[in-house]
Each structure stands twice: as C-alpha cells, then as structure tokens.
K.L.:
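After the structure tokens below, expect a handful of questions from me.
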Protein chains: 2
Amino acid sequence: MPKTARLTSSLSSSQEDYVKALYKLRHTGHGVSTSELAEHLHVSAPSVSEMFGKLAALGLVSHDRYRGAELTERGEAVAVEMIRHHRLLEMYLVKALGYSWDEVHEEAERLEHVISEQFEERIAAALGRPRRDPHGDPIPSERGDLEESPHTPLTACAAGDLVRVRRVSDSDPDKLRAIGELGLQLGADVEVLEPSRYEGPITVRLGRRLRQIPLGLAREVFVGD
Amino acid sequence: MPKTARLTSSLSSSQEDYVKALYKLRHTGHGVSTSELAEHLHVSAPSVSEMFGKLAALGLVSHDRYRGAELTERGEAVAVEMIRHHRLLEMYLVKALGYSWDEVHEEAERLEHVISEQFEERIAAALGRPRRDPHGDPIPSERGDLEESPHTPLTACAAGDLVRVRRVSDSDPDKLRAIGELGLQLGADVEVLEPSRYEGPITVRLGRRLRQIPLGLAREVFVGD
DNA sequence: GGGCAGTTTTCGGCACGCCTAAAAATCTTA
DNA sequence: TAAGATTTTTAGGCGTGCCGAAAACTGCCC
C-alpha cells in the first residue's frame, strides 16, 4: 500500500487559507455563508464566491449555490493537515526557538504553507510529539484525529471556583501578551474570588497574588479542573 | 538611528529568485544576459525581460536595454540577505533537525522567502552564528559581509597532494548524496594517489581506505589545506 | 557597410486572486 | 404573498507572473 501523498499538494496558499477558514467556521449549522467567510478572511464576497467554485471543482468543498459551503471529507482532511502544521510550528517556535506565545501566530501562518512532510515529521519528533500547542489547542495526530479544545471561559466561573488555565484564544497577540504578563500561563492554578460585575474585572488569586483580570482578557482564557 | 527595515520587504518570491540568480551569475563580465537568466530560472526570455523592467523600477537592477542587467548596490544587499537566509536555513535543517546535506536545498528554497528577521536571528543564535553552511559555503554576516568560497576543485590536484575537503557544490542532490556516501565529508583529509586519466576516476586515500572518485563527482568537491 | 543570425523586447493572451458595480436569488415582513 | 432589504453571484477589470509569436535590435562576417 503506497503511502498517501500529502493532501495539500498543488493547493495555493490562498486555497489553503480558505479551507482552514471553512474549517474554523464550520460550527455554523449548514454550511458557511459567503459573507461570513469574506469577513473572516478580509476579502470581498465575490472573491469568496469565486473560490467556492474552484474548491468545489477540486472536490474539497460542497457548495449549495446561494446557500453556503461546507468542507467535504477530503477538504476536512486538508484543513486538519494545515492545522497540524500550524500548531506544530507554533510549538516549535516556542520550545526550540524561544518565541513567546504572542509572537508565534504570524510566523506560523507564513511557514505552514511551505513546509514539507519531512519538516513536519522532524519538528514533531524533536518536540516529542506534543498533543497541545502553546495556547493549549490540541495538535491533530498524523492520522488526522483532532480532540476538542477546552471551552469553559474564565468568565463562566463563580466565586470560590478553583480552576486551572487550559487554553487561551490565539486570536489577538496583544491580548495574549497581556494575559501572559498577568501570570495566566497554561497550567496556572486560579481561584476565582469575585466574578465580573457591571462589565468590570474578575478578581482571582494566582499563587499568593491577587489579580484583577479585565473582562476583555478573561473572555480569552479557558479553564478546566 | 532607526534600524533599517528588512531589505526584502515587499518583494515577491519570484522577484527574490531573480535577484538571487542575478547575484549567482554576476561573474559574467558586464551584466547578466536575458537568455542566461532565463535558462537558469527555467523561464522564457520575455519573462526575464519583463522582470528586468520591474526590478529596475524598484532600483534593484540596472538594465542596459538589449545588453544585460546587473544588480545595484541595493539589489546586491537583497541578494546577500536571501543567501544568508538560505544558508542559515540549510545549516539549521542539518544541525537541529537531522537533515542530510542533500536534502536541505529544496526545503531552504521554500522557507527562505517567508521567514522573518526574528526567525533568522533565532536560528543564527541557536547555531552559534556559524560561518559556513553544510556544503562549506560561507554564510554572510548580518551586516552583509560575504567571504569567498573555496574554489580549488579536487580535479586540479596532482598525485601526492594532501588536501582537506572544504566545500561541495550544492547544485545536484544526487551527486551530493553520492559524495557523502564516498566519505568525502567537509573537513575530510584526502591524499590524492592518482589524478584522473582519460576522463576516468581519481584515486584517493581517505583515512585507511582507498577510493575511486568518478570525475563527475570530483568536479563538485573543492579542497584547501 | 550590408545582410543575416541570434538575441532581446514588444505584443497579445492565459491563470490566479483580488476588486467594484450590477444583476439575480433569497429572506423578511407588512 | 408581494415588495423591499439583504445576500450571493455574475460581469468586467486590474496587477502579477508566465507563455508563444512577432518585431526590433545587435553584432558578426563577407
């Protein structure tokens, strides 16, 4: 049985970005709308409409005209492969090259489109095949299995809750940096002293220190036990 | 004094490839010809002609119509920056990720266009700021200084010469692999027993072993003392 | 110095990925 | 359910990087 060629062969960076975005937005009931994807990728609706056609022709997307698009099984496999690249790269940049968690996204975003399977394999091996990236997001296995991300936001905690930081949203580098400076590293133990009131900050205990976590940051932090 | 922005900002991968090629072929007396560059890059002459215009408009190239093109000082700085990226990446792939010297070129070729200055700096630091890449080619300094490559081919040696392998041409991965398998690593001590006769192999002593080096491989190996 | 070979540039065209404006379809709601 | 609002698609255009064919130029040789 010949080893499967990389799924992403012959896709352009743009196409890969569309596939990734479709995966990220897939929650949306039945298909991702043109305008939703356009906003997410900062392109116009016609650009998305056009790309839907191309990706459908490639068999990566099923497109109900005027309704929305969804990844096919093959499209999903491509997306998961891209996510594996991205998260492994982020982990490698942090662990091997000393990047901070707010610096990795942009670099990984560019690298993920050009690395070979060999590169992927080598950094995975060098890292000891990690299961999570620096933000706590799960790294898909080589076979494409992908766990779910922790999803209880710190804002959902009640006074007295004892929780551990499990994941931070990687959407905004500035917020990531701020969260890091507050000491909310992955694995940090947090006791919630006072939940947010009137959109104000959450008061927590972190080790011996008390901290006020602005609501805007607390929403980016996800916890578990 | 503000730090100079990266010279390669806003250049496309193609443009960077043209600049690199112009640097590589620069020996050619007065300017590189359209057809020479076209052949080197596997594109048509019209494509090169067009790109000469664009690079000239960017101030990276000076173009004598119908005569040929040469890098300007700025163009040369861009080329050296690309070469620094490329050679640092090759070294990193070998030293940090276990690539062999015949596997690195292609990967570096793709990565060099997308890495940030931060990435460059981090891998340079991780490697201890190496002066040579895995093939023995000099790595330009951050300031753009570039030594010359060793250039005495093994084929120029006479019987009895005691030399050391200093550089191997990185142009052909297959030859590189073959050269490695013969034991001609960088730094290897070689005694030339019998130079090539009638296009036949060169006989050398490598440690305790005698080796026949086919002429096609010997031409890729450069030596010094 | 004129012709001719070979090289270089111009011209017209194609695919890609993007855009705006306009047309078509769908959704909403009175 | 029909008009108006919204969304999506089509149409037409632009820049990049590539191509082949044709025109323009250079240089060499008689």
Side-chain angles (χ1 to χ4, degrees), chain A residues 8-22 25-26 28-71 75 78-79 82 109-110 112-114, chain B residues 8-22 25-26 28-71 75 78-79 82 109-110 112-114:
Chain A
T8 51
S9 65
S10 81
L11 288 195
S12 69
S13 291
S14 280
Q15 291 171 334
E16 290 179 352
D17 284 338
Y18 278 87
V19 168
K20 264 206 318 178
L22 278 165
L25 302 175
R26 99 205 97 110
T28 326
H30 291 295
V32 177
S33 77
T34 302
S35 50
E36 192 182 356
L37 193 50
E39 176 158 11
H40 186 76
L41 292 176
H42 304 293
V43 296
S44 69
S47 296
V48 173
S49 205
E50 188 181 29
M51 190 60 93
F52 276 174
K54 284 181 186 166
L55 294 177
L58 290 171
L60 301 175
V61 145
S62 66
H63 184 208
D64 271 25
R65 283 171 57 78
Y66 287 98
R67 227 149 285 245
E70 238 175 350
L71 290 175
V78 170
M82 296 308 302
E109 201 68 24
R110 276 177 285 112
E112 66 186 5
H113 299 296
V114 305
Chain B
T8 50
S9 66
S10 80
L11 290 195
S12 69
S13 291
S14 280
Q15 290 171 335
E16 291 178 350
D17 285 338
Y18 279 86
V19 169
K20 264 204 318 176
L22 279 166
L25 301 176
R26 98 206 98 109
T28 326
H30 291 295
V32 177
S33 77
T34 303
S35 50
E36 193 183 355
L37 194 50
E39 178 160 9
H40 186 76
L41 291 176
H42 304 294
V43 297
S44 69
S47 297
V48 173
S49 204
E50 189 181 28
M51 190 60 94
F52 277 174
K54 285 180 186 167
L55 295 176
L58 290 170
L60 301 175
V61 146
S62 66
H63 184 207
D64 272 23
R65 284 172 57 77
Y66 287 99
R67 229 150 283 245
E70 238 175 349
L71 290 176
V78 170
M82 296 308 302
E109 200 69 24
R110 276 176 285 112
E112 66 186 5
H113 299 296
V114 306

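Just the heavy atoms: all of them, side chains too, but no hydrogens, waters or symmetry mates, feed the values below. Protein chains get the first letters and strands the later ones, always in sequence-line order, with residue 1 at the start of each.
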K.L.:
Grab the NE2-C1' distance between A:His42 and C:dG17 for me, whole Å please.
P.N.:
17 Å
K.L.:
Pull out every protein N or O sitting under 3.5 Å from an N or O of nucleotides 9-11 of chain C, one pair per line with the distance.
P.N.:
from	atom 1	to	atom 2	distance (Å)
C:dT9	OP1	B:His63	NE2	2.7
C:dT9	OP1	B:Tyr66	N	3.1
C:dT9	OP2	B:Thr34	OG1	3.0
C:dT9	OP2	B:Ser49	OG	2.7
C:dT9	O5'	B:Ser49	OG	3.0
C:dT9	O3'	B:Arg65	NH1	3.2
C:dT9	O3'	B:Arg65	NH2	3.1
C:dT10	OP1	B:Arg65	NH1	3.0
C:dT10	OP1	B:Arg65	NH2	3.2

K.L.:
What I'd like to find out is whether the side chain of B:Thr34 reaches to under 4.5 Å of the side chain of B:Tyr66, using heavy atoms alone.
P.N.:
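Result no, sub-4.5 Å side-chain heavy-atom pair not found.
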K.L.:
Identify whether any heavy atom of B:Ser35 sits under 4.0 Å from a base atom; if not, whether one sits that close to sugar-phosphate; answer base, sugar-phosphate or nothing.
P.N.:
sugar-phosphate
K.L.:
Output all residues satisfying side-chain hydrogen bond (donor to acceptor under 3.5 Å, both in side chains) with A:Ser13, sequence neighbours left out; order by chain, then residue number.
P.N.:
none
K.L.:
Ignoring backbone atoms, establish whether A:Ser12 has a side-chain N or O less than 4.0 Å from OP1 or OP2 of C:dG17.
P.N.:
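Answer yes for this pair, as a side-chain N or O of A:Ser12 is under 4.0 Å from OP1 or OP2.
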K.L.:
Can you give me every donor-acceptor pair (side chain of residues 49-64 of chain B, partner residue at least two apart or in another chain, under 3.5 Å) with its distance?
P.N.:
none

K.L.:
Assign A:Ser14 to base, sugar-phosphate, or nothing according to its heavy-atom contacts below 4.0 angstrom with the strands shown.
P.N.:
sugar-phosphate
K.L.:
With a strict under 4.0 Å distance from non-hydrogen atoms of chain A, what nucleotide opens and what nucleotide closes the contacted stretch of DNA chain D, reading 5' to 3'?
P.N.:
D:dT8 to D:dT10
K.L.:
Mind checking the CG-CD spacing from A:Asp17 to A:Glu112? Nearest 0.5 Å is all I need.
P.N.:
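So the gap between those two atoms works out to 6.5 Å.
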K.L.:
Please tabulate, one pair per line, all N/O donor-acceptor pairs under 3.5 Å involving side-chain atoms of residues 37-44 of chain B, not counting sequence neighbours.
P.N.:
from	atom 1	to	atom 2	distance (Å)
B:Ser44	OG	B:Ser47	N	3.4
B:Ser44	OG	B:Ser47	OG	3.1

K.L.:
Which pair of non-hydrogen atoms, one from A:Gly75 and one from A:Val19, has the smallest distance, and what is that distance?
P.N.:
O-CG1, 3.5 Å
K.L.:
Are B:His113 and B:Gln15 packed together at the side-chain level, in the sense that at least one heavy-atom pair is separated by less than 4.5 angstrom?
P.N.:
no
K.L.:
Minimum heavy-atom separation for A:Leu71 and A:Ala79, please, with both atom names.
P.N.:
CD1-CB, 4.0 Å
